[in-house]
Amino acid sequence: MLKVFNDLTMEREEFVPLEPGKVAMYVCGPTVYDYFHIGNARTFVVFDAIRRYLEYRGFKVTFVQNITDVEDKIIRRAAERGTSPEEVARQYTDAYLEDSAALGIKPADVQPKATEHIAEIIDFIQRLVDRGYAYVVDSDVYFDTSRFTEYGKLSHQSLEDLEAGARVEVDERKRHPADFALWKAKKPGEPGWDSPWGEGRPGWHIECSAMSTKYLGETIDIHAGGADLIFPHHENEIAQSEAASGKPFARYWLHGNLLNVGGQRMGKSLGNFVTVREARRQYDPEVIRFFLLSAHYRSPLNYTPESLESAKGALERLYNAAVTLEHLARPERLAREQGRADEFHARLPKYKDQFTAAMDDDFNTADAISALFDLVRDAHASLGPDAPAGVAAEALALLRELGGVLGLLGRAGGLDDLAEEVQSLIDQRQAARARRDWKESDWIRDELAAKGIILEDTPSGVRWKRKV
RNA sequence: GGCGACAUAGCCAAGUGGUAAGGCAGAGGACUGCAAAUCCUUUACCCCCGGUUCGAAUCCGGGUGUCGCCUCCA
């Protein structure tokens, strides 16, 4: 039974989608004004893994993620650079898609952009105005939070609590400090679209309500994002959507914890961030992905160079196992040993169950990964050089299957044909070893290492792999 | 002030009542021409103090410390 922690109820609940077998899932995407950083990546990677697991579990998932391509920061960035907001948005949308692909994040089924849904957004706001949930001041439109009695149900705060926070900017034109803009009147030099209230652009929160409703319907199964979006963003989405439709907006609200650096939140404003782009120069993106999945998604996770190194070592161990298994799985091998391998073979389902149980438990990726390591250790210990190829092949298939659920080990195995030059060097080295010419032998090994080919002399013959 | 988390070995991190997973790093051993990979062995007064219980890292109460949200932010 799949259990998920629902931030709306603050409880772990059985996951039951509205329509059996189908999941409507919406994850808030990036505002494209800069490269995204590893902290942002944590959320995207985590919910990508969750999506993959739901699919693995047999659900037909419709995954929607927006791209916010009109917003204050984009406009500001464009002004700084003397270019247009469209240009800034285009550049960083491309960068976002490229970096996410590198992190192994599957493309969304629908990736709507705010600027391409202005008509839907205007309709949505109009509905709120008509129903008395929004009011117009000059050419701005605000949501009237006082009218929505359940306001605060996600962040578990009342309007009074929020007011007491005293960090709300005072704006005399708003009826309540917590009221937020649905439509912002155009200021000189800003992009704008015609609307019943004058030229302007949408507020941040409304796009998600409008686009989620358009592509997934009025009530969706899962709405997710980073924990920092709980308030005000998701609170506001609930208010807008439920005020407009009169129906529950999302059944399960999932939020990923933030990534810390030096015990503090990684954030643009703190200047302590590392973009995925930068990190990619130093680490294989799969290492970054592994690191981001190495803690439970609702736990804090601290970013340090050491933890990345640790992730690298761990991932290498998994890949080493894949290489070993692939060698053992070669069909031409003669298997002379059967006993231990048979017992191991019988244990394979256990590892799959272990993995599934961990993921069923509110997507415990850290625990699920440990099932991979348990499988790998058992495989190494149980499959000697003479183990049957079929068992090795099955173990490798399972490792790839489970790794794939997490978006890992995509390159597992895949012993491609070596370049002839490389193969002849290996042959030369074998000849040198046969005549105990260690100098020549070691020289060739170093030579290949420089090309990223690692040689290992094993009881069952020389074997090679690519450096991670 | 309000709302909410977190505190487990050198480091990272699972574990929601029954002898403390997993990874990284370290040490020793096996294998190897040497390596590499791998295997075996090895390292925890579970932040503190009370309480509940036959039994608590796990539940309750009280501390201490760290963090997040309450303003744009994944």
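Order of the sequence lines fixes the chain letters, A, B, ..., with proteins taken first and strands second; residue numbering starts at 1 for each chain.
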Grab the CZ-P distance between F231(A) and rG2(B) for me, whole Å please. 17 Å

Classify the nucleic acid contact of E309(A) as base, sugar-phosphate or nothing, counting any heavy atom under 4.0 Å across all strands shown. nothing

Taking the nucleotide of RNA chain B with the nearest heavy atom to each, does N302(A) or L318(A) sit closer to the 5' end? N302(A)

hbond_proxy D457(A) side chain to rC34(B) base (donor-acceptor, 3.5 Å cutoff): yes

Euclidean distance for P, rU42(B) against rC60(B) (whole angstrom): 35 Å

Whole-Å distance between rC70(B) P and D179(A) CG? 17 Å

Is the base of rU38(B) touched by the side chain of R377(A) through a donor-acceptor pair closer than 3.5 angstrom? no

Rounding to the closest angstrom, what is the interatomic distance between rA21(B) and rA44(B) at atom C1'? 13 Å

What orientation do F373(A) and F290(A) show, parallel under 30°, tilted 30 to 60°, or perpendicular over 60°? perpendicular

Just to confirm, is there a sub-4.0 Å distance from OP1 or OP2 of rA14(B) to any side-chain nitrogen or oxygen of S299(A)? yes

So does R445(A) reach the base of rA35(B) with its side chain, donor to acceptor, closer than 3.5 Å? yes

What contact category does E306(A) fall into here, base, sugar-phosphate, or nothing, at under 4.0 angstrom with non-hydrogen atoms? nothing

Can you tell me the base-pairing partner of rU42(B)? Count Watson-Crick or G-U wobble geometry only, both distances below 3.5 Å, and say none if there is no partner. rG26(B)

Side chain D442(A) and base rG33(B) donor-acceptor under 3.5 Å: yes

In whole Å, measure the gap between the C1' atoms of rA25(B) and rC31(B) for me. 23 Å

Mind listing the closest non-hydrogen atom pair of D362(A) and H296(A) along with its distance? O-CE1, 2.8 Å

Within a radius of less than 6.0 Å around CZ of R435(A), do more than 12 heavy atoms belonging to other residues, nucleotides or ligands occur? yes

Rounded distance (Å) that lies between atom C1' of rC67(B) and atom CG of L301(A): 13 Å

rC47(B) pairs with, by Watson-Crick or G-U criteria that keep both distances under 3.5 Å: rG63(B)

May I ask you to say what G256(A) touches in the nucleic acid, namely base, sugar-phosphate or nothing, with a heavy-atom cut-off under 4.0 Å? nothing

Should R317(A) be listed as having a side-chain N or O under 4.0 Å from OP1 or OP2 of rC39(B)? yes

Is the ring pair F44(A)/Y96(A) parallel, tilted or perpendicular, if the boundaries are 30 and 60 degrees? perpendicular

H223(A) vs C28(A), side chain to side chain contact (heavy atoms under 4.5 Å, CB included): CA-CA, chis, key distance, verdict: CA-CA 8 Å; H223(A) 195 118; C28(A) 285; 3.7 Å; yes

Nearest-Å distance, CG (N40(A)) to C1' (rC72(B))? 13 Å

Nearest-Å distance for atom pair CD/P, residues Q65(A) and rA74(B): 11 Å

Would you say whether F373(A) stacks on rG22(B)? The test is a distance between ring centres of less than 5.5 Å and an angle between planes of less than 30°. no

So for atom NZ, which belongs to K153(A), do other residues, nucleotides or ligands contribute more than 12 heavy atoms lying within a distance under 6.0 Å? yes

rG18(B) versus rG68(B) - spacing of their C1' atoms, nearest Å: 35 Å

Between H37(A) and S307(A), name the one whose nearest nucleotide on RNA chain B is closer to the 5' end. S307(A)

Hey, does the side-chain of S441(A) have a donor or acceptor N/O within less than 3.5 Å of a partner on the base of rG33(B)? yes

Residue-phosphate contact under 4.0 Å: R436(A) side-chain N/O, rC34(B) OP1/OP2: no

